[in-house]
Amino acid sequence: MEIKKAFRKLAVRYHPDKNASADAKPRFLEINEAYDVLGDRVKRALYDERLSNPFSELLEDPVPKHRDPAYRRKRPDQAYKREPPASYVLMRDYLKYMLWVSRIGLLTTSLFFLDYLVPYRQIVEDIEEIYAVRMRRGGVAYHIIITESGRKIKLYDYQGSYFRNEGTIKSTLTRIYGTAMSVSNTSGTHVVELGYMYSTLIFFPIILFVNSLMALLFRKRVELSFNLNVTGIILLIINFVMI
């Protein structure tokens, strides 16, 4: 503040437009030069060093002056811009394609939540075949029931054995994805609840929805959005398999 105050006072006094004396213009140029040096911390330190060691000027290249006294030369670290790494450039170029993963993820999960809320439909079909899939150690892993329409229903443990003596099966299905929520015999004595994705595993579509939404919202942050879309590919595969 002291330097600025002194500069303004002297600049008004020796400005060629206000001072008609012969030495006003060179004096005004000297005032600008002094202010340019004193107002910059780096230049001021360099000036002090030259005062203490006059011979150092012989080893340094002169810095050209700018005609505007308010001009501040950019420091080397500000003027030089590093090139982004190759991995960043690759992410930036392919991000516009990867964002389709997030769009598909949002569409898939939105339909899933709608499918969860819409009333389910019930159909009755004849049973064509029931077979057990056994583990290597001999136990039954799950049963597969094949209906007359070719639909395959997986029942874990020994639940499929309830329908071996039944000719028909009643299924409760979702409207959009056609996921079996439950199966039972026509009399209703044996009911097996299914649709694990819509109950205990519902966190998978929730995570996919949040992941896809964040990837689209933060698409200007290239690395974050790209990595979220990579995660979205894995989550999409899990959700499609489970649904």
Side-chain angles (χ1 to χ4, degrees), residues 94-135 140-164 166-219 225-243:
Y94 284 92
L95 180 59
K96 58 183 178 181
Y97 304 109
M98 293 295 290
L99 286 175
W100 281 103
V101 176
S102 298
R103 296 186 181 100
I104 295 173
L106 284 179
L107 177 62
T108 302
T109 51
S110 298
L111 291 175
F112 173 86
F113 296 133
L114 181 63
D115 200 24
Y116 180 78
L117 297 174
V118 172
Y120 307 140
R121 58 191 177 95
Q122 291 184 342
I123 59 173
V124 177
E125 297 180 287
D126 291 335
I127 298 175
E128 292 291 331
E129 182 184 359
I130 299 177
Y131 63 90
V133 177
R134 300 184 178 275
M135 297 183 295
V140 176
Y142 54 87
H143 285 83
I144 295 292
I145 298 178
I146 303 177
T147 64
E148 59 181 340
S149 63
R151 184 187 308 277
K152 293 183 178 181
I153 302 174
K154 182 187 293 187
L155 302 179
Y156 290 95
D157 299 328
Y158 295 93
Q159 295 171 336
S161 59
Y162 299 153
F163 302 92
R164 288 193 177 276
E166 298 285 344
T168 59
I169 188 172
K170 183 168 66 174
S171 305
T172 302
L173 308 175
T174 61
R175 294 280 180 178
I176 299 176
Y177 288 114
T179 303
M181 300 298 292
S182 66
V183 291
S184 64
N185 55 3
T186 53
S187 60
T189 56
H190 298 297
V191 180
V192 180
E193 298 293 336
L194 300 173
Y196 307 109
M197 197 67 175
Y198 293 75
S199 55
T200 56
L201 300 179
I202 197 172
F203 60 89
F204 278 111
I206 293 176
I207 294 175
L208 176 60
F209 179 83
V210 174
N211 184 89
S212 302
L213 184 62
M214 289 182 62
L216 289 173
L217 291 177
F218 296 101
R219 57 184 176 273
S225 181
F226 189 90
N227 291 327
L228 287 173
N229 280 287
V230 172
T231 306
I233 294 175
I234 301 174
L235 292 173
L236 266 176
I237 295 174
I238 295 175
N239 278 268
F240 279 132
V241 171
M242 298 298 295
I243 292 176

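In this chain, numbering begins with 1 at the start of the sequence shown.
More than 12 heavy atoms of other residues, nucleotides or ligands shown are found within 6.0 angstrom of OH on Tyr198. For Tyr97, the OH atom counts as loosely surrounded, since its 6.0 Å shell holds 12 or fewer non-hydrogen atoms of other residues, nucleotides or ligands.
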| field | Residue pair Ile207, Thr231: steps toward the side chain to side chain contact (heavy atoms under 4.5 Å, CB included) verdict | value | CA-CA 10 Å; Ile207 294 175; Thr231 306; over 6 Å; no

| field | side chain to side chain contact (heavy atoms under 4.5 Å, CB included) between Ile146 and Tyr131, worked out | value | CA-CA 9 Å; Ile146 303 177; Tyr131 63 90; 3.8 Å; yes

| task | Go through the steps for Thr179 and Leu194 under the test side chain to side chain contact (heavy atoms under 4.5 Å, CB included), then give the verdict. | result | CA-CA 9 Å; Thr179 303; Leu194 300 173; over 6 Å; no

| task | With side chain to side chain contact (heavy atoms under 4.5 Å, CB included) as the test, would you mind laying out the steps for Tyr162 and Asn185 before giving the verdict? | result | CA-CA 9 Å; Tyr162 299 153; Asn185 55 3; over 6 Å; no

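The distance from the CE atom of Met98 to the OG atom of Ser225 is 8.5 Å, given to the nearest 0.5 Å. To the nearest 0.5 Å, the span separating CZ on Phe203 from CG on Leu208 amounts to 12.5 Å. Note that CD1 of Ile202 is 15.5 Å distant from OH of Tyr196, once rounded to the nearest 0.5 Å. We find the CD1-OG1 distance between Ile104 and Thr109 to be 11.5 Å, quoted to the nearest 0.5 Å. Between atom CE of residue Met197 and atom CZ of residue Phe112 there is a gap of 5.5 Å, rounded to the nearest 0.5 Å. Here Glu129 contributes atom CD and Ile144 contributes atom CD1; the two are 10.0 Å apart, rounded to the nearest 0.5 Å.
Between Ile206 and Phe113 the shortest side-chain heavy-atom distance falls below 4.5 Å. For the pair Gln159/His143, no side-chain contact is recorded, criterion being any heavy-atom separation below 4.5 Å from C-beta on. Taking the side chain as every heavy atom from C-beta outward, Asn211 and Leu235 approach each other to under 4.5 Å. Side-chain contact between Leu155 and Tyr142: absent, with no pair of heavy atoms (C-beta onward) separated by less than 4.5 Å.
Among all heavy-atom pairs drawn from Thr108 and Tyr177, the shortest one is O-OH, 2.9 Å. Leu106 and Ser212 get closest at one heavy-atom pair: CG-CB, 3.8 Å. Nearest heavy-atom pair, Ile123 versus Arg151, reported as atom, atom and distance to 0.1 Å: CD1-NH2, 3.9 Å. Here the closest heavy-atom approach between residue Gln122 and residue Lys170 is recorded as OE1-CD, 4.2 Å. The minimum heavy-atom distance between Val191 and Ser184, with the atom names listed, is CG2-CB, 3.7 Å. What you find for Leu95 and Arg219 is that their closest heavy atoms are CD2-O, 3.3 Å.
Between the side chains of Asp115 and Thr174, a donor-acceptor pair is found at a separation under 3.5 Å.
With sequence neighbours excluded, no residue satisfies ring pair (Phe, Tyr, Trp, His ring centres under 6.0 Å) with Phe204.
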